[in-house]
2 protein chains.
Amino acid sequence: MKKKSTRPPSRKPRADALRNRERILEIAKEAFTRSGANISLDDVAKQAGVGAGTLYRHFPTRDALLEAVYRTEVAKLAEAERKFAETMPPVEALRAWMLLFVDYIAAKQIIAPALNTLVGGPSKLFESSGAQIKGAIHALVSRAIKSGEIRPDLDPLDLLRALVGVSNVASGPDWAQSARRLVQILILGSRPAS
Amino acid sequence: MKKKSTRPPSRKPRADALRNRERILEIAKEAFTRSGANISLDDVAKQAGVGAGTLYRHFPTRDALLEAVYRTEVAKLAEAERKFAETMPPVEALRAWMLLFVDYIAAKQIIAPALNTLVGGPSKLFESSGAQIKGAIHALVSRAIKSGEIRPDLDPLDLLRALVGVSNVASGPDWAQSARRLVQILILGSRPAS
DNA sequence: AAATAAAACGGAGAGTGTCTCCGTAAAAAT
DNA sequence: ATTTTTACGGAGACACTCTCCGTTTTATTT
């Protein structure tokens, strides 16, 4: 038997399909970053040189496209978690990651609305990305709890929620400052009762 | 001279105009609360029994309508601030108001996106409402600072930003719990350095 | 109580975005 | 080379936004 283990023979995926998919992602990322999440998808399709049908076949909903676009960004966040955890003391790692998170999200206004459904809503979108992010902050918080510098009953998701909030609002002139201050407040507020 | 002091005579406002305005607000509030901020405005007009033109004449943009709808809610928040400040110790007043805020906003998913532009964006919408809210939290924080239970360099707007975040995310099954925990964290994190 | 003027109405319709359907074209398998 | 499977793409049905302007209603004047 020469075919791979995975069930039915299933032929080789078409080359143009893959090309189109990549091209759409590329254009979409650019457009999202430039003009926010409400751009016209038909426009994106046009710019990518494909028909609307093609776009919608690859990404049935706007959210699906958003998630696909930001999958790599999410991956980077997850990776940063590992690096910080290795090279910094627990609380500092947590702080650094939180700041990075805000930075990342704020830099691209885009994701915020979508992120809401991630941390909160019953929506099943962002399943995998969500898991990665949740995993990262969970790990960081766990470590900080073990070190005794964070209250043991802290729910990591609470922090995440607050961060999403900060990011959502990240636009005013001093958002960077504000974000820094808020992260500080959150960390201080998460220490064990004195 | 029989005319009022305010400049040009200006005739009495038309009765139907006022009636329509009220009716639109009523329907819009209901619709927003039921289905979020993205409902069709033409539908609202239809339900209110007026033409689209009428709706848009009264409220040129979606945001204008949103603000008008929630002006009263905002007023209630401002009022609550006064009551809490009179009847509770500083920090408790602050906590109570923060929880009320989350509650209010979360109960109507609606405002959240609009609120973002309030706390953050350069948008000039929500001018008056924004001022009221900012005034309220400013007063509460000031009092708590004077009492020595809150760090003097705390920016009230930072708290507000975090609250908006929490509200944005308020949807999961345990949002009420989460909100409570977060408010607690924020307050703890805002105490003077030990 | 008309007549007049001002203000508001309302809905048709132009412009734009979403998303589907299906005849056509391209790629893989044979 | 032929067949079969997969994907393409854009026309078009539907929805929403917002404006324009002829008509109607209301307030004022006589």
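Numbered from 1 within each chain, the chains take letters A, B, ... in sequence-line order. Remember, predicted model here, so these are calculated numbers, not experimental data.
- Note: NZ (B:Lys46) to P (C:dC9) measures 17 Å, nearest angstrom.
- Sorted by first and then second residue, the side-chain hydrogen bond (donor to acceptor under 3.5 Å, both in side chains) pairs involving residues 144-155 of chain A (not counting sequence neighbours) are A:Ser147-A:Glu149, A:Asp155-B:Arg181.
- Every residue two or more places apart in sequence or in another chain that forms a side chain to side chain contact (heavy atoms under 4.5 Å, CB included) with B:Ala78 is listed here: B:Arg82, B:Gln132.
- Residue order along DNA chain D, read from the 5' end via each residue's closest nucleotide, puts A:Leu18 first among A:Leu18 and B:Lys12.
- Among the atoms of the strands shown, none is found under 4.0 Å from any heavy atom of A:Arg21.
- The side chain to side chain contact (heavy atoms under 4.5 Å, CB included) search around A:Arg62 returns A:Ile39, A:Leu41, not counting sequence neighbours.
- Between the CG atom of B:Leu55 and the C1' atom of C:dA8 there is a distance of 14 Å, given to the nearest Å.
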**Report entry** B/S/- contact track for nucleotides 10-23 of chain C, protein heavy atom under 4.0 Å
**Finding:** BB-----SBBB---
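- Here A:His58 reaches the OP1 or OP2 of D:dC8: one of its side-chain N or O atoms lies under 4.0 Å away.
- Every residue two or more places apart in sequence or in another chain that forms a salt bridge (charged side-chain N to carboxylate O under 4.0 Å, His left out) with A:Arg71 is listed here: A:Glu67.
- Straight-line distance from the CG atom of B:Asp16 to the C1' atom of D:dT25: 6 Å, rounded to whole Å.
- Residue B:His58 places its NE2 atom among more than 12 non-hydrogen atoms of other residues, nucleotides or ligands, all under 6.0 Å distant.
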Where do N or O atoms of nucleotides 3-7 of chain C meet protein N or O atoms at under 3.5 Å, pair by pair?
residue: C:dA6; atom: O4'; partner: B:Arg11; partner atom: NH2; Å: 3.3
residue: C:dA7; atom: N3; partner: B:Arg14; partner atom: NH1; Å: 2.3

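- When rounded to the nearest whole Å, the span between CD of B:Glu22 and P of C:dC9 equals 13 Å.
- Pairs passing the side-chain hydrogen bond (donor to acceptor under 3.5 Å, both in side chains) check and including a residue from residues 87-101 of chain B, sequence neighbours excluded, read B:Glu92-B:Arg95, B:Arg95-B:Gln184.
- Residues forming a salt bridge (charged side-chain N to carboxylate O under 4.0 Å, His left out) with B:Arg180 (at least two apart in sequence, or on another chain): none.
- Applying the side chain to side chain contact (heavy atoms under 4.5 Å, CB included) rule to A:Ala28 yields the partners A:Phe32, A:Val44, A:Leu65, A:Val69; only residues at least two apart in sequence or on another chain are considered.
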